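Have a look at the structure below before the remarks.
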Number of protein chains: 2
Amino acid sequence: MAQYERVEKVRLLVVDDDPPIADLVATVARYEGWEAVTANSGEQALRLAGDFRPDIVVLDLMLPDVDGFGVLDRLRRSGTMVPVVFLTARDGVADRVAGLTRGGDDYLVKPFAVEELMARLRTVLRRSAGPGFQRSVLRVADLTMDEDAREVRRGERRLSLTPTEYEVLRYLMRKSPTVLTKAQILDHVWEYGFGGRSNVVELVVSRLRRKLDEAAPDAGDGEPLIQTVRGFGYALRQAPR
Amino acid sequence: MAQYERVEKVRLLVVDDDPPIADLVATVARYEGWEAVTANSGEQALRLAGDFRPDIVVLDLMLPDVDGFGVLDRLRRSGTMVPVVFLTARDGVADRVAGLTRGGDDYLVKPFAVEELMARLRTVLRRSAGPGFQRSVLRVADLTMDEDAREVRRGERRLSLTPTEYEVLRYLMRKSPTVLTKAQILDHVWEYGFGGRSNVVELVVSRLRRKLDEAAPDAGDGEPLIQTVRGFGYALRQAPR
DNA sequence: AGTCGACCGACAGGAAAACGACAGGCCCGC
DNA sequence: GCGGGCCTGTCGTTTTCCTGTCGGTCGACT
């Protein structure tokens, strides 16, 4: 199933002074089968890093005591090479650049979408796993998504997707053949705090379908790849005959 | 049998200002072997959450004193990660509920069907039981229902069921080989307050049978999977020879 | 053979989903 | 700084298909 086979569960440390955010990330990670702990301050983070020995760290730059960079510095100085993904506020453009140059492995601006965060964490983990890491390619029926190249193909044909379409498709592919409710899709693919309870999901699915169909090998109408489960949600899977 | 093996009984706290509703839920839960207590206000709920230490909470959003989100906040702030399933009015605050399925909680609009509520509670419990949770698959004869993928198969063939058909079948499978009266099925699968004392159940069973038969491995007529117990109800089981 | 319950075809009302058209916003190039 | 194009989401209409009612027929039990 997962490409990044690990014998042990991934251990994630989430550092954010806003407990709801930290918990959100931890919860989602646990659903993926990871172990996750949270810290709400730099001090706590450093202590936990020593005890818990995480495989990866999510680190907010805005902390009450030591700031994110400080935490990173002290982590490095204590000799750990654990990869770090930063979280920064929307307009901290300066922070972004700094974040990358200061030894972080990736960053994401708040508010973020949880699936995107998880995807980045997986990527960073994969890369840091050592040389010759495997590419991550999702595959469902004749659909393939190369997460590294950010390339989606149906059979041989390559499709060009917008960012939102890409994210929705990735989520569907990753969970396939599970049926996902519109609420789940909205909650995972859109930024937390997104107000719209409208029909955005339907719309994106509709657009996705068109692109997928255009690239279908049998120009006629094979069964649609994205199925509607009326009154419930959507699933990506071979249709039942 | 059950996938969510627990040594101790599940402890459920039901919070709803409408006592009949709260009792309905509590009763059904107790019937499933859970321990259940009810609260009719936010204050009472918070007190009980401390004393009773529930494993899961059903929480109406419309409460006389604190509102549902307030209760959730205070629960979380007191450090408990207990999962919550919300109840909301049909067109009331349905939009403010966004963000729940991401944190692992869930919601249901009133009026709901008790089996659906129980199913969601079981799902949320299973997921919060820790990393690497098991999928829930019901199995009766050559019928399998994967509750996570929402996929039903007869042998190899996958059937596509409407929401109502799916719910009735799930109830039958879960209780198999017990004989269920039409009234029981109506009471559990349809929303409480449903007026129809009509023959809906017969009708859905009839439709279900057809779909089940079409997917039967022996194209001829093996005994039907859903048996009629004349004058009483239905049961899902291998026919006695 | 009669009676009563069950089965199921046909239909209609309505709810959910699909999707066309449009508008605001963002980014990019000039 | 300005214009243009693309992406995204809102609105409203159309389409799909799910659900329950009615009633005729069938089958079982007496």
Side-chain angles (χ1 to χ4, degrees), chain A residues 90-91 93 96 109 111 113 116 150 159-169 172 179-187 189-191 193-214 221 223-235 239-240, chain B residues 90-91 94-95 98 109 111-113 116 150 159-169 179-183 185-186 189-191 193-214 221 223-235 239:
Chain A
R90 168 72 67 197
D91 39 297
V93 182
R96 304 188 190 185
V109 300
E116 173 148 25
R150 209 183 171 82
L159 347 170
S160 90
L161 303 180
T162 69
T164 315
E165 289 162 0
Y166 181 86
E167 290 295 329
V168 170
L169 184 60
L172 284 169
V179 181
L180 301 164
T181 66
K182 280 183 266 188
Q184 281 177 312
I185 298 174
L186 200 60
D187 285 347
V189 173
W190 270 260
E191 304 168 349
F194 176 71
R197 30 84 220 121
S198 57
N199 59 351
V200 254
V201 179
E202 284 174 22
L203 193 48
V204 173
V205 167
S206 157
R207 286 169 178 159
L208 253 179
R209 272 187 182 142
R210 184 172 326 160
K211 290 188 179 177
L212 290 177
D213 284 351
E214 276 169 10
D221 46 4
E223 59 268 6
L225 264 183
I226 302 181
Q227 285 170 47
T228 301
V229 180
R230 207 156 231 271
F232 200 84
Y234 298 98
Chain B
R90 168 76 59 196
D91 35 52
D95 44 337
V109 299
F112 53 87
E116 173 146 26
R150 204 157 220 267
L159 346 170
S160 95
L161 303 179
T162 69
T164 316
E165 289 161 1
Y166 181 88
E167 291 295 328
V168 169
L169 183 60
V179 181
L180 301 165
T181 66
K182 281 185 260 188
I185 298 175
L186 202 57
V189 173
W190 269 260
E191 304 168 349
F194 176 70
R197 62 266 157 272
S198 58
N199 60 349
V200 257
V201 179
E202 286 174 20
L203 190 50
V204 173
V205 168
S206 154
R207 286 170 179 160
L208 253 179
R209 273 186 180 142
R210 183 176 327 163
K211 289 188 179 177
L212 257 35
D213 284 351
E214 275 169 11
D221 47 4
E223 60 272 5
L225 265 183
I226 302 181
Q227 286 168 43
T228 301
V229 180
R230 205 181 164 75
F232 197 79
Y234 299 98

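The model shown is predicted, which means the values in this text are computed figures rather than measured ones. Numbered from 1 within each chain, the chains take letters A, B, ... in sequence-line order.
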Of all heavy-atom pairs linking A:Ile185 and A:Leu172, the shortest is CD1-CD2, 4.4 Å
Roughly how bent is the helix from C:dA1-D:dT30 to C:dC30-D:dG1 end to end, in steps of 10 degrees, with each end axis from five pairs? 40°
Under 4.0 Å, heavy atoms only, any strand: does B:Tyr234 hit a base, just the sugar-phosphate, or nothing? sugar-phosphate
Those residues at least two apart in sequence (or on a different chain) that pass side chain to side chain donor-acceptor pair (under 3.5 Å) with A:Arg209 are A:Thr228
Taking side chain to side chain donor-acceptor pair (under 3.5 Å) as the test, write out the residues that go with A:Gln184, two or more places apart. none
What nucleotide among C:dA18, D:dG20, D:dT19 has an atom nearest to a side-chain atom of A:Arg209? C:dA18
Side chain of B:Ser206 (C-beta onward), nearest among C:dC8, C:dA17, D:dT19: C:dC8
Does B:Arg207 come within less than 4.0 Å of B:Glu165, counting only side-chain N to carboxylate O? no
Measure all distances between protein nitrogen or oxygen atoms and nitrogen or oxygen atoms of nucleotides 22-24 of chain C, and list the pairs falling under 3.5 Å.
none

Distances for protein N or O near nucleotides 25-29 of chain D N or O, under 3.5 Å:
from: D:dG27; atom 1: N2; to: B:Arg230; atom 2: NH2; distance (Å): 2.7

For A:Tyr234, all residues meeting ring pair (Phe, Tyr, Trp, His ring centres under 6.0 Å), sequence neighbours excluded: none
What's the closest nucleotide to the A:Asn199 side chain, out of D:dG12, D:dT8, D:dC18? D:dG12
